[in-house]
Structures are given as C-alpha cells and as structure tokens.
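Residue numbering restarts at 1 for every chain, and letters A, B, ... go by the order of the sequence lines.
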Amino acid sequence: MNLDTLRHSCSHVMAQAVKELWPQVKLAIGPAIEDGFYYDFDKPEPFTDADLLAIEKAMQKIITQNEIFLRQEISKQDALALFKKNHEDYKVELVAKLPDQAISIYRTGDNFLDLCRGPHIQSTGQIKAFKLLSVAGAYWHGIETNPMLQRIYGTCFESQQELDEHLKNLEEAKFRDHRKLGPALGLFDIYHEEAGAGFVFYHPKGALLRMIIEDYEKKEHLKRGYYLVTTPHLMDAGLWKKSGHYDYYKENMYFTSEEGKEVVVKPMNCPGHILIYQSKTRSYKDLPIRLFELGTVYRKEKAGVLHGLLRVRGFTQDDAHIFCLPQQLEAEIKGVIDFVFETMKVFGFDSVGIELSTRPEKSIGTDEDWQKATAALEQALKEKGLAYEVNQGDGAFYGPKIDIKLKDALKRTWQCATIQCDFALPKRFNLSYIDAEGKEQQPIMLHRVLLGSLERFIGALIENYKGKLPLWLSPKQIVIIPIKESVLAYAQKVKAECEDKGLRVNIDNRNETLNKKIREAELENIPYCFIVGEREAQNNTVSIREKGSKDKYADPLEYVFFIQELVKDIKQHK
RNA sequence: GCUGGAGUAGCUCAGUUGGCAGAGCACGUCCUUGGUAAGGACGGGGUCACGAGUUCAAUUCUCGUCUCCAGCUCCA
C-alpha cells in the first residue's frame with residue numbers, strides 16, 4: 001500500500017469526522033506530507049485538545065464502519081453547483097481554477113464528499129494506525145494576506161508498531177532538543193527578555209567548542225589556499241545600495257548613523273570582501289583569489305521565525321568569496337563541494353541531500369549570465385556524479401545556488417552549506433582583472449559557506465550527538481577526581497602532564513563524595529574520569545573511567561601511555 | 001508579521017474558587033575525607049514576565065506590552 005495514499009485517505013476521514021461534529025465548518029485542502037497529513041479548515045472558534053480527541057473518536061467510528069471511498073466523475077459545471085450548494089467556498093474556488101473537463105470527487109459514508117484527484121484506498125477500514133498531533137494556523141494557499149485557516153496535523157502508518165516508533169522518535173527529538181541541552185550543559189543561552197530575542201551568549205564551555213570548530217576551519221582553509229580576512233561590522237549605507245542589498249533586504253537590516261550618514265550593521269560579508277578584492281589591480285595570474293572570514297552578521301528576522309540556535313538575529317558564517325576566471329569556475333565549484341563533504345564527515349555527518357536553486361522573480365543580472373551560472377553549478381554536480389533536486393526560482397537575488405543539507409541521527413535535514421555562483425555583483429562593482437593580452441576582464445564570484453552559521457551548526461551538532469560530543473570536540477575532555485586531599489599534589493602532576501599534551505582537563509577538588517563527582521561528570525558528558533587515590537599515586541597510574549562504562553572501569557593504567565592514545569584519537573577527530 | 005497555547009526561585013514543577021508563596025534539585029555555612037551515578041544538618045533565595053484597569057485587597061479577574069512554545073509566511 002502506498003503510504004501517501006493511505007495518509008491522504010486518512011486526512012479525508014478526518015475531514016469527514018470534523019464535518020460530522022461541526023457541519024458548518026468549511027473545507028480547504030488536506031494533503032499527505034512527509035511524516036503524515038493535514039487538513040485545513042475554516043472554523044471561527046479554535047480547535048482544542050479536547051476537540052482533537054473527539055475528532056479521533058469520530059474517525060475511529062468511520063474506520064470501524066469500513067466505508068467505501070467512491071470515486072465519481074462529474075462535469076466542471078456540476079462540480080461548481082455541487083460545492084456552491086454545500087457552501088464549500090474554498091472548493092468552489094479550487095474547481096473554478098481547474099480546466100474545463102471531467103472532475104473527480106470522492107464520497108465516503110452517506111454525507112461526505114470532497115473534491116479530490118485521488119487516488120485513495122478502497123475503504124476506511126484499511127486505516128490501521130493513526131493519531132492527530134496538533135493544531136496550527138495556516139494561510140489559505142500559503143499567502144500571508146489571505147485569511148488564516150486552522151490546520152490539524154496528524155499521522156498515519158500501516159501498523160500500530162510503526163506509528164508507535166514514529167511517536168517515540170518525536171519524543172526522542174524533544175529529548176535531544178538543543179534548546180534544552182545547550183543551556184543544561186553550560187554551552188550557551190539566550191537572554192530573550194534582557195538582551196533581546198535571537199542573540200546568543202556562549203558560556204565558557206560553548207565558547208571553547210566554538211573555538212575548536214573555528215580553529216579547525218581556519219587551518220583547513222589555509223591548507224586549501226584561502227586567505228583569512230576580517231571586515232568591519234559597520235559599513236556605509238552607500239556600499240549596500242551599490243550591492244543591491246539595501247533595495248532587496250532593507251526591512252531585515254539594522255541601521256545606525258554617524259554624523260548624519262546612514263550606516264549599516266553588516267547582514268552579509270560579500271561587500272567587504274569585494275572591497276578587499278578591489279583594493280588593487282589584479283592579474284589573471286593572481287586568480288583564483290579565495291577570501292575567507294568567520295564573519296558575524298546581523299539580520300532583523302521576524303519575531304515569529306526565531307528558533308533556538310537555528311534561526312537567530314546575530315550569527316557567524318564561515319563565509320568565503322572566490323574570485324576566479326571563467327575557465328576556473330567549474331574546478332572551484334568542485335573544490336568547494338569536496339571541501340563541504342570532507343568537513344561534514346569530520347563533524348560526524350555523512351548523509352546529505354543536494355538542491356540546485358534557480359533564478360527567482362526578484363533578482364538582478366542578465367538572463368545570459370543566469371544561464372551560464374546555473375549551467376556551471378549543474379555541470380559540477382553532474383561530473384561529481386551527485387544526485388540533486390532542482391528548486392525552481394529559489395536562488396539568491398544575485399545568482400543560482402547549490403544547497404547541501406546534512407541529515408542528523410534522526411534523519412532530519414539541516415540547511416548548512418551553500419555554493420552560489422554570481423555574475424551580478426562583479427558587474428555592479430565593476431570588478432576586474434588584467435588578462436594575458438593586457439585587457440580588463442570581469443572575474444566571476446562564488447559565494448560559499450560550509451557549515452553555514454556556526455550557531456545553527458552547533459545546534460545541529462548538539463542534537464546529532466544528543467549532547468555527547470566526541471572527544472575532540474568536548475570542551476572538557478578529562479576530569480581528574482582525587483579521592484582525598486592527600487593525593488591532590490599527585491592529581492596536579494597528572495593534570496600538568498595532560499595539559500602538556502594539549503588535553504582539556506580539570507581537577508574536581510570539591511568537598512563532595514566520589515560517587516557524586518562521577519555522577520556529575522557523567523551528566524556533563526565528560527568523556528573520561530581519571531580517579532586517583534593512594535594506590536594510583538604510589539604506582540604512577542590513574543584509574544580510568546570512560547563515560548557510559550557504568551560499573552566497569554579499567555585497571556589502573558600508566559597514564560602517560562593512555563594520554564598518548566587520546567592525543568592520537570583527537571588528531572583523527574574521534 | 002499571522003493563528004492558537006503559555007510565562008510562579010538559577011532549573012523542573014506544585015499552589016492560590018481574589019486574603020502571609022511551596023517542594024525537589026542547584027546555591028551558602030558547618031559536619032563528614034570518601035574507591036566508580038546523589039553522605040548529613042542548618043540556611044539564604046520570589047515585584048508570581050512587565051504596564052495599566054476593576055476591587056477594601058490582584059500572582060489569581062480584564063485590557064495592553066514583552067518573551068517563549070506549535071505551526072503559517074519569510075530566510076540575501
């Protein structure tokens with residue numbers, strides 16, 4: 001049985017139940033979606049949780065009665081008359097837009113009928129496991145200026161077991177939510193009321209994690225021939241008018257002023273990098289020039305879209321702009337794709353989805369340039385043998401893009417890397433290089449990020465690892481627990497040796513019991529506890545407890561050997 | 001920005017049909033000096049999100065604001 005068909009049918013049953021309970025409700029649309037289905041209703045009073053239970057009960061009854069899904073074809077005229085008679089205004093609107101030919105409708109039970117292309121399951125009895133999940137507002141046709149309808153989300157599976165598994169998955173997602181885990185683990189917090197929504201504060205452990213990621217990225221970029229640059233946070237509004245951002249994104253930019261001049265808090269790094277490129281005459285021999293910056297940008301996002309670290313108002317991009325010759329374009333794109341995949345893998349994500357987005361309605365540049373740019377991206381993907389989906393009209397205003405979305409442990413996708421091909425900004429800024437004949441030419445510009453925003457990426461990391469970061473990313477790698485005060489000096493010696501090897505280690509010297517310290521180290525997800533008492537001090541060893549090893553623990557080990565092994569693991573990003 | 005739900009101690013949450021504000025954890029002091037996931041005693045901590053209104057009296061009722069949550073719309 002096709003799962004989409006099953007879910008679509010289930011949404012019909014839900015609509016039927018709603019119409020039985022509230023006959024005056026008007027129906028909009030009810031499709032199957034990735035994890036279930038929804039149906040949009042026009043009903044003046046909101047649905048409550050109790051309503052959902054009542055609807056579920058009514059649905060169960062319809063399912064028990066095993067009603068047939070009966071397909072009928074009628075003329076457009078008849079369909080219009082039928083839905084008009086039933087006061088289904090939204091259906092009338094939908095029918096009116098259909099071509100003038102036979103239109104299919106589906107009936108179930110005595111009274112329920114719905115405009116529907118189909119297909120459906122044979123009868124309601126085939127629905128074995130379903131659940132209604134939530135209610136939310138949704139605009140008719142998804143257009144902001146249209147009336148808001150009430151959407152009920154539900155899900156449906158072929159067996160109760162699969163449904164239970166899905167619900168368990170949802171529960172688990174809640175449990176690993178970075179918005180809970182992050183503050184609980186001392187990584188970051190957001191002081192919504194005091195400092196403003198959408199602004200992240202990294203606490204000591206989170207700042208360390210961020211530093212580890214930043215250090216890794218800087219090193220890797222230098223290795224690949226990028227130049228590290230830094231650009232200011234405030235720049236004259238004129239620069240943003242020239243780049244086009246002012247016209248396209250004014251609503252989302254933060255402004256300030258200086259001596260009557262308008263100044264913009266940077267929402268992007270490109271204009272800054274362009275100025276650096278323009279600072280001198282460039283030769284074709286210098287290209288490609290790859291400028292990389294961990295650039296912190298601010299965007300005034302609407303209040304309703306903010307979400308933990310995933311959607312914030314101030315964030316740092318691992319942003320680079322590559323200025324290259326036309327003949328270098330494809331190789332550069334391929335190089336970035338390889339860089340993205342390698343980086344994802346190092347951070348523990350190995351499954352990705354790729355999308356190619358083309359020219360949007362609101363955009364700058366000539367058709368010819370858009371075609372060239374889109375073709376270059378597509379060609380690179382094809383030559384890499386990568387599967388991708390095309391997202392028509394979803395590109396940036398200055399060029400088409402490849403988005404690489406990573407998948408986490410729960411198979412959820414996260415938008416992180418993007419590669420954008422841009423002919424428009426070089427034109428606007430009149431960028432140039434001198435070719436072999438001594439003539440001025442225009443370079444092509446690639447915009448790209450690997451992790452996207454560090455904030456979002458750290459959110460993804462926390463959720464993917466459920467807060468249990470691998471050793472190399474752990475802000476605290478080892479905690480040394482001296483059993484009594486008399487061995488403190490020995491503990492300090494061990495600590496010094498570990499630090500000498502670059503390990504992040506501290507001593508838990510509090511007046512608490514050993515059990516409590518171990519418990520807290522476990523809860524804090526510290527990979528290793530080194531426990532030292534008289535026995536260890538005498539033999540120059542430590543007792544090693546690996547996180548999660550429960551009551552089993554290693555025999556006292558010559559710790560010098562052990563920390564060498566740890567250093568090896570860290571080098572390999574384990 | 002829109003629809004709906006919510007905001008009580010640092011955290012997780014009780015509670016008040018309008019009349020002195022509660023627990024556990026966390027925090028502080030003291031006792032305890034320990035062998036692999038919570039040792040004990042005592043103590044401090046609150047403009048019940050904020051602002052107005054109704055009332056003898058508002059954390060509780062009404063309105064507004066801010067913020068969060070589930071979605072919608074948006075995401076250079």
Side-chain angles (χ1 to χ4, degrees), chain A residues 38 40 45-49 133-153 174 177 179-180 183-184 189-198 240 243-253 267-271 297 299-308 310-313 315 317 360 362-364 394-399 401 415 418 420 422 425 447 452-453 456 481-488 511-523 529-536 543-554 556:
Chain A
Y38 67 79
D40 286 345
E45 320 78 37
F47 288 109
T48 63
D49 286 350
L133 298 171
S134 58
V135 189
Y139 301 109
W140 169 233
H141 284 321
I143 295 167
E144 227 173 330
T145 46
N146 278 351
M148 185 159 265
L149 307 169
Q150 289 192 68
R151 175 172 299 179
I152 301 179
Y153 283 93
K174 250 186 252 172
D177 192 328
R179 292 169 297 178
K180 296 292 277 181
D189 215 335
I190 297 173
Y191 304 104
H192 305 101
E193 311 259 358
E194 301 89 333
W240 304 97
S243 71
H245 293 101
Y246 194 96
D247 288 337
Y248 283 80
Y249 294 101
K250 193 164 189 265
E251 301 305 309
N252 290 307
M253 302 198 311
M268 296 203 88
N269 302 301
C270 3
V297 297
R299 298 178 186 177
K300 199 190 282 173
E301 304 287 4
K302 289 179 181 175
V305 307
L306 301 174
H307 183 99
L310 303 188
R311 196 75 184 274
V312 290
R313 286 178 171 152
F315 57 98
Q317 297 176 302
K362 218 175 146 190
S363 56
I364 55 176
D394 215 24
F397 76 90
Y398 46 71
K401 60 177 183 172
Q415 166 68 56
T418 165
Q420 305 171 350
D422 181 3
L425 287 182
H447 307 239
S453 101
R456 176 176 294 183
I481 306 177
I483 287 174
K484 49 179 164 180
E485 224 161 318
S486 58
V487 292
L488 185 57
N511 179 18
E512 298 290 352
T513 57
L514 174 63
N515 278 348
K516 185 158 185 172
K517 290 178 187 180
I518 287 173
R519 177 183 151 83
E520 289 184 4
E522 285 280 349
L523 293 176
C529 290
F530 285 3
I531 291 137
V532 298
E534 298 285 358
R535 289 203 299 260
E536 288 78 8
S543 279
I544 294 158
R545 183 191 160 102
E546 191 176 349
K547 175 173 167 48
S549 62
K550 305 248 161 170
D551 50 356
K552 274 198 211 156
Y553 50 96

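Across rG5(B) and rC61(B), the matching P atoms stand 14 Å from one another, rounded to whole Å. Taking the C1' atom of each, rC13(B) and rG46(B) are spaced 15 Å apart, rounded to whole Å. Distance noted for atom P between rU65(B) and rC74(B): 25 Å (whole Å). Separating the P atom of rG24(B) from that of rA37(B) is a span of 25 Å, rounded to the nearest Å. The gap from the P atom of rC68(B) to that of rU12(B) amounts to 15 Å, rounded to the nearest Å. Comparing the P positions of rA21(B) and rG28(B) gives an interatomic distance of 27 Å, to the nearest angstrom. If you take atom C1' in rA6(B) and the same atom in rA49(B), they sit 11 Å apart, rounded to whole Å. Rounded to the nearest Å, the gap between the P atom of rU17(B) and that of rU54(B) is 24 Å.
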- Evaluate the side-chain contact (heavy atoms from CB on, under 4.5 Å) criterion for residues Y139(A) and L149(A): first the C-alpha distance (whole Å), next the side-chain angles of each, then the deciding distance (0.1 Å), finally the verdict. CA-CA 6 Å; Y139(A) 301 109; L149(A) 307 169; over 6 Å; no

- Item | side-chain contact (heavy atoms from CB on, under 4.5 Å) assessment of Y249(A) paired with R299(A) | CA-CA 9 Å; Y249(A) 294 101; R299(A) 298 178 186 177; over 6 Å; no

- Test log, rule side-chain contact (heavy atoms from CB on, under 4.5 Å), inputs L425(A) and H447(A): CA-CA 11 Å; L425(A) 287 182; H447(A) 307 239; 3.8 Å; yes

- Message: S243(A) vs M268(A), test: side-chain contact (heavy atoms from CB on, under 4.5 Å). Steps then yes/no.
- Response: CA-CA 11 Å; S243(A) 71; M268(A) 296 203 88; over 6 Å; no

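For the pair E520(A) (side chain) and K517(A) (backbone), a donor-acceptor distance under 3.5 Å is absent. When atom types are taken as modelled, the side chain of Q150(A) and the backbone of F47(A) share a donor-acceptor pair closer than 3.5 angstrom. Between the side chain of R151(A) and the backbone N or O of D40(A) there is no donor-acceptor pair closer than 3.5 Å. At least one donor-acceptor pair under 3.5 Å links the side chain of R456(A) to the backbone N or O of Q415(A).
When distances run from any side-chain atom of I518(A) to the nucleotides rA76(B), rU36(B), rA70(B), the shortest one goes to rU36(B). Closest to the side chain of M148(A), from the set rA76(B), rC72(B), rU3(B), is rU3(B). Looking at the side chain of A197(A), the nearest of the listed nucleotides rG1(B), rA76(B), rU67(B) is rU67(B).
OP1 or OP2 of rA26(B) has at least one side-chain nitrogen or oxygen of K516(A) nearer than 4.0 Å. Side-chain nitrogen and oxygen atoms of Y153(A) include at least one within less than 4.0 Å of the OP1 or OP2 phosphate oxygen of rC72(B). Phosphate proximity of rG39(B) to T513(A): present, with a side-chain N or O under 4.0 Å from OP1 or OP2. Phosphate proximity of rG35(B) to K484(A): absent, as no side-chain N or O sits under 4.0 Å from OP1 or OP2. The phosphate of rC2(B) (OP1 or OP2) has no side-chain N or O of R151(A) nearer than 4.0 angstrom.
By the 30° and 60° cut-offs, the orientation of the rings of Y248(A) relative to F397(A) is parallel.
Using a 4.0 Å heavy-atom criterion, one finds that K401(A) contacts the sugar-phosphate atoms exclusively. Within the nucleic acid shown, H192(A) comes within 4.0 Å of sugar-phosphate atoms alone, with no base atom in reach, counting heavy atoms only. Residue contacts shown for E45(A) are absent, as no nucleic acid heavy atom lies under 4.0 Å away. Using a 4.0 Å heavy-atom criterion, one finds that G142(A) contacts the sugar-phosphate atoms exclusively. Within the nucleic acid shown, R313(A) has no heavy atom closer than 4.0 Å to any nucleic acid atom. Looking at heavy-atom distances under 4.0 Å, Q415(A) makes no contact with the nucleic acid at all. Nucleic acid contact class of Y398(A) (heavy atoms, under 4.0 Å, all strands): sugar-phosphate only.
One donor-acceptor pair, N or O on each side, does fall under 3.5 Å between the base of rC74(B) and the side chain of R311(A). Judged by distance alone with a 3.5 Å cut-off, no donor-acceptor contact links the side chain of E251(A) to the base of rG1(B). Counting distance only, with no hydrogens placed and no angle test, the side-chain atoms of R545(A) and the base atoms of rA37(B) include a donor-acceptor pair under 3.5 Å. Residue side chain S543(A) reaches the base of rU36(B) through a donor-acceptor N/O pair under 3.5 Å, judged by distance alone. A donor-acceptor contact under 3.5 Å is formed by the side chain of Y139(A) with the base of rG1(B).
Closest heavy-atom contact between M253(A) and P267(A): SD-CG, 3.7 Å. Among all heavy-atom pairs drawn from V487(A) and E534(A), the shortest one is CG1-N, 3.8 Å.
In this entry the distance linking CG of D394(A) with C1' of rC74(B) reads 11 Å, nearest Å. Atoms CG (N511(A)) and P (rC27(B)) sit 12 Å apart, rounded to a whole Å. Between Y248(A) atom OH and rC74(B) atom P the separation is 17 Å, expressed in whole Å. Residue E512(A) contributes atom CD, which lies 11 Å from atom P of rG40(B) at whole-angstrom precision. Rounded to a whole Å, the CG atom of L310(A) is 13 Å from the C1' atom of rC75(B). Atom NE2 in H307(A) sits roughly 16 Å away from atom P in rU73(B) (whole-Å rounding). For the pair D177(A) CG and rC69(B) P, the computed distance is 9 Å after rounding to whole Å. In this structure, the CG atom of L514(A) is 6 Å from the C1' atom of rG35(B), given to the nearest Å.
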Distances for protein N/O vs nucleotides 5-7 of chain B N/O pairs under 3.5 angstrom?
residue: rG7(B); atom: N2; partner: E193(A); partner atom: OE2; Å: 3.3

Pairwise N/O distances under 3.5 Å, protein to nucleotides 61-65 of chain B:
none

Under 3.5 Å, which N/O atoms of the protein pair with N/O atoms of nucleotides 8-11 of chain B?
none

- According to the Watson-Crick and G-U wobble definition with distances under 3.5 Å, which dot-bracket string, read 5' to 3', encodes RNA chain B, using [ ] for crossing pairs and | for pairs with another strand? (((((((..((((.....[..)))).(((((.......))))).....(((((..]....))))))))))))....

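Toward the 5′ end of RNA chain B lies the nearest nucleotide of I483(A), the other residue of the pair I190(A) and I483(A) mapping further downstream. Two residues, E485(A) and Q150(A), neighbour RNA chain B, and the one matched to the more 5' nucleotide by heavy-atom proximity is Q150(A).
Qualifying salt bridge (Lys or Arg N to Asp or Glu O under 4.0 Å) partners for D394(A), counting only residues two or more places apart in sequence or in other chains: none. Scanning for side chain to side chain contact (heavy atoms under 4.5 Å, CB included) contacts around K300(A) gives Y254(A), with sequence neighbours left out.
Using a 4.5 Å heavy-atom threshold, the side chains of F530(A) and I544(A) count as touching.
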